[in-house]
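Each remark here refers to the structure printed beneath this line.
Positions are given from 1, in the same order as the sequence printed here.
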Amino acid sequence: MISQIQGKSLLRVADFVQTDVLTCAPEMPVAGAAALMRKRRCGSVVVTEAGKPVGIWTERDAVQVDFSDPTTFDRPIRDVMSVPVRTIPVSASAAEAGVLFQQEGIRHLVTVDADGAMSGILSQ
């Protein structure tokens, strides 16, 4: 699904989005979320509530957690996730995504469809 503008190809977010998104509930312990990420070999987990993204926990967030405190592993992921979740329409251009990545200083964007429902994740 590559669009054309004045004879040139325009790459869309839809051309790169990963639709198999790793998700967890806000109550999941940090250790559980970390285990999911390790098992799937991915750098983020989208925290969802009632099917909607409410946060994201990334490798960057993980390095800021004090794991020297053993109780950290049992804390709910909602205590350490990043909010708000940055989103982009799946119909947006790849250039628009690039601008958002740079402006926001982030590496993951949750993609949403025309109704605002999560459709995937785009990672740098």
Side-chain angles (χ1 to χ4, degrees):
M1 173 199 303
I2 298 177
S3 302
Q4 297 281 326
I5 292 185
Q6 296 179 353
K8 296 183 181 181
S9 294
L10 178 64
L11 295 174
R12 311 301 295 175
V13 167
D15 298 320
F16 302 100
V17 68
Q18 179 178 342
T19 57
D20 185 21
V21 181
L22 180 62
T23 63
C24 74
E27 300 79 26
M28 176 170 274
V30 167
L36 287 174
M37 287 172 59
R38 182 180 65 243
K39 182 177 181 182
R40 287 272 300 270
R41 294 184 177 159
C42 67
S44 65
V45 59
V46 178
V47 182
T48 60
E49 197 165 38
K52 300 207 183 271
V54 295
I56 188 168
W57 194 54
T58 67
E59 291 172 327
R60 186 183 294 178
D61 296 320
V63 298
Q64 296 182 23
V65 175
D66 179 12
F67 286 105
S68 66
D69 177 359
T71 64
T72 298
F73 294 95
D74 296 323
R75 290 176 64 191
I77 199 70
R78 86 167 126 259
D79 290 353
V80 294
M81 69 184 184
S82 292
V83 292
V85 178
R86 302 300 194 266
T87 62
I88 190 166
V90 73
S91 61
S93 72
E96 290 174 284
V99 168
L100 268 178
F101 282 134
Q102 186 175 32
Q103 285 179 341
E104 299 288 333
I106 56 175
R107 297 185 57 208
H108 307 280
L109 288 166
V110 172
T111 60
V112 293
D113 64 18
D115 296 325
M118 182 172 66
S119 60
I121 192 164
L122 184 65
S123 298
Q124 273 188 324

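With hydrogens and angles disregarded, a donor-acceptor distance shorter than 3.5 Å links the side chain of R86 to the backbone of P84. D66 places a side-chain N or O within donor-acceptor distance of the main-chain N or O of S68, the cut-off being under 3.5 Å. A donor-acceptor pair is defined here as one N or O able to donate and one able to accept, closer than 3.5 Å; no such pair exists between the side chain of E104 and the backbone of I106. Remark: the backbone N or O of R12 is not paired with any side-chain donor or acceptor of S93 at under 3.5 angstrom.
With respect to P26, the side-chain contact (heavy atoms from CB on, under 4.5 Å) criterion is satisfied by exactly one of T48, V47, D79: V47.
With sequence neighbours excluded, no residue forms a side-chain hydrogen bond (donor to acceptor under 3.5 Å, both in side chains) with S44.
Within a 6.0 Å sphere centred on CZ of R107, other residues, nucleotides and ligands contribute 12 heavy atoms or fewer. Heavy-atom contacts from other residues, nucleotides or ligands closer than 6.0 Å to CD of Q102 number 12 or fewer.
Summarising the geometry, atom CD1 belonging to I88 is positioned 7.5 Å from atom CZ belonging to F101; distances are rounded to the nearest 0.5 Å. Atoms CD1 and OG, from I56 and S82 in turn, are 7.5 Å apart once rounded to the nearest 0.5 Å. One finds the OG1 atom of T23 at 8.5 Å from the CE atom of M28 (value rounded to the nearest 0.5 Å).
Residues D113 and D115 come closest through the heavy atom pair OD1-N, 2.9 Å.
I121 and V17 are not part of a single hydrophobic cluster, where members link through side-chain heavy atoms under 4.5 Å apart. In the hydrophobic clustering of this structure, M118 groups with V85; members are Ile, Leu, Val, Met, Phe, Trp, Tyr whose side-chain heavy atoms approach within less than 4.5 Å, directly or through other members.
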